[in-house]
Undergrad: 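The structure is given below, and queries will be raised subsequently.
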Amino acid sequence: MSDATPAPENALREAQLRAISSDVRMTILRLLRDPAEHFSGQVSADPVAFGVCMTLIAEALGIAQPTASRHLDLLRQAGFLTVRRQGKWSYCRRDETAIQDFLAWLGQDLGA
């Protein structure tokens, strides 16, 4: 295999490491850890059961919608978020299984 083409698992781990290398993306993951607390004002759907609207995430961070969308997309590519579309809106939820898998891999890889 060429060095230029990483194995699928290596590519995923690189995307995950890149995703957590940003304070903004880490803040998003922290906010979505308890959506009922941080997004209780969402009326369009239950933030716990359905996910949190990307617009509300951008507002909570105080950043523009396109900037938030880029951060959310990187988290989705890393597998840390699932995105559900409802009409013109997109709702995000943490993928707890993927996050726990990454944390276990990181602990094992670093010898913890």
Side-chain angles (χ1 to χ4, degrees):
M1 182 177 294
S2 167
D3 289 336
T5 307
E9 180 164 343
N10 289 343
L12 174 62
R13 297 307 184 198
E14 287 176 15
Q16 291 172 328
L17 290 168
R18 187 171 41 256
I20 65 167
S21 70
S22 161
D23 289 337
V24 171
R25 291 189 289 275
M26 289 296 292
T27 299
I28 291 169
L29 290 174
R30 288 184 194 106
L31 289 172
L32 293 178
R33 182 175 44 208
D34 189 357
E37 177 183 340
H38 300 291
F39 299 100
S40 61
Q42 178 173 288
V43 295
S44 57
D46 178 9
V48 175
F50 201 79
V52 177
C53 180
M54 286 184 173
T55 302
L56 293 179
I57 295 169
E59 288 175 8
L61 296 169
I63 61 177
Q65 177 69 38
T67 303
S69 292
R70 179 67 182 138
H71 285 294
L72 292 164
D73 190 50
L74 289 170
L75 288 167
R76 183 196 56 76
Q77 289 173 27
F80 295 147
L81 292 183
T82 59
V83 178
R84 176 190 245 180
R85 291 200 173 269
Q86 180 70 28
K88 67 178 184 171
W89 307 106
S90 295
Y91 294 83
C92 300
R93 290 180 67 196
R94 283 173 40 132
D95 185 328
E96 298 299 336
T97 301
I99 291 170
Q100 290 306 313
D101 175 68
F102 171 74
L103 293 173
W105 167 82
L106 186 62
Q108 182 180 24
D109 192 61
L110 294 178

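In this text the structure is predicted, and so the values were computed from the model without any measurement. Residues take their numbers from the sequence shown, with the count starting at 1.
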Undergrad: Nearest 0.5 Å please: distance from the CG atom of Leu75 over to the CD1 atom of Ile99.
TA: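 The CD1 atom of Ile99 is 8.5 Å from CG of Leu75, to the nearest 0.5 Å.
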Undergrad: Nearest heavy-atom pair of Ala68 and Ala58: which atoms, and what distance?
TA: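 It is CB-CB, 3.5 Å.
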Undergrad: Return the set of residues passing side chain to side chain donor-acceptor pair (under 3.5 Å) with His71 (not counting sequence neighbours), or none when no residue passes.
TA: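 Only Arg25 meet the side chain to side chain donor-acceptor pair (under 3.5 Å) criterion with His71.
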Undergrad: Can you name the salt bridge (charged side-chain N to carboxylate O under 4.0 Å, His left out) partners of Arg76, sequence neighbours left out?
TA: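 Residues passing salt bridge (charged side-chain N to carboxylate O under 4.0 Å, His left out) with Arg76: Asp73.
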Undergrad: For a quick test of your reading: what N or O donor-acceptor pairs under 3.5 Å do the side chains of residues 44-57 make, sequence neighbours left out?
TA:
from, atom 1, to, atom 2, distance (Å)
Ser44, OG, Tyr91, OH, 2.7
Asp46, OD1, Val48, N, 3.1
Thr55, OG1, Gln65, OE1, 3.4

Undergrad: Which residues pass the side chain to side chain donor-acceptor pair (under 3.5 Å) test with Glu96, sequence neighbours left out?
TA: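 Side chain to side chain donor-acceptor pair (under 3.5 Å) check on Glu96 returns Arg94.
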Undergrad: Return the set of residues passing ring-ring contact (aromatic ring centres under 6.0 Å, His included) with Trp105 (not counting sequence neighbours), or none when no residue passes.
TA: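 With neighbours one apart ignored, the set is Phe102.
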Undergrad: Show which side-chain atoms of residues 27-36 pair as donor or acceptor with protein atoms under 3.5 Å away, not counting sequence neighbours.
TA:
from, atom 1, to, atom 2, distance (Å)
Thr27, OG1, Asp23, O, 2.9
Asp34, OD1, Glu37, N, 3.4

Undergrad: Provide the full list of ring-ring contact (aromatic ring centres under 6.0 Å, His included) pairs with a residue in residues 10-49, sequence neighbours left out, each pair given once.
TA: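 Pairs touching residues 10-49 that pass the test: none.
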Undergrad: Shortest non-hydrogen contact from Val83 to Cys92?
TA: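 Minimum heavy-atom separation between Val83 and Cys92: CG2-SG, 4.1 Å.
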Undergrad: Give every residue pair that meets the side-chain hydrogen bond (donor to acceptor under 3.5 Å, both in side chains) criterion with at least one member in residues 78-90, sequence neighbours excluded.
TA: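 Of all non-adjacent pairs touching residues 78-90, those that pass side-chain hydrogen bond (donor to acceptor under 3.5 Å, both in side chains) are Arg85-Ser90.
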Undergrad: Heavy atoms only: give me the nearest Ala98-Gly79 pair and the separation to one decimal.
TA: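 What the structure gives for the nearest pair is CB-O, 3.1 Å.
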Undergrad: I'd like to know if Leu81 and Leu17 are part of one continuous hydrophobic network [Ile/Leu/Val/Met/Phe/Trp/Tyr, side-chain heavy atoms within less than 4.5 Å].
TA: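 Yes, one cluster joins them.
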Undergrad: With sequence neighbours excluded, give me every salt bridge (charged side-chain N to carboxylate O under 4.0 Å, His left out) pair touching residues 97-107.
TA: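 Checked against salt bridge (charged side-chain N to carboxylate O under 4.0 Å, His left out) - neighbours excluded - the pairs reaching residues 97-107 are Arg13-Asp101.
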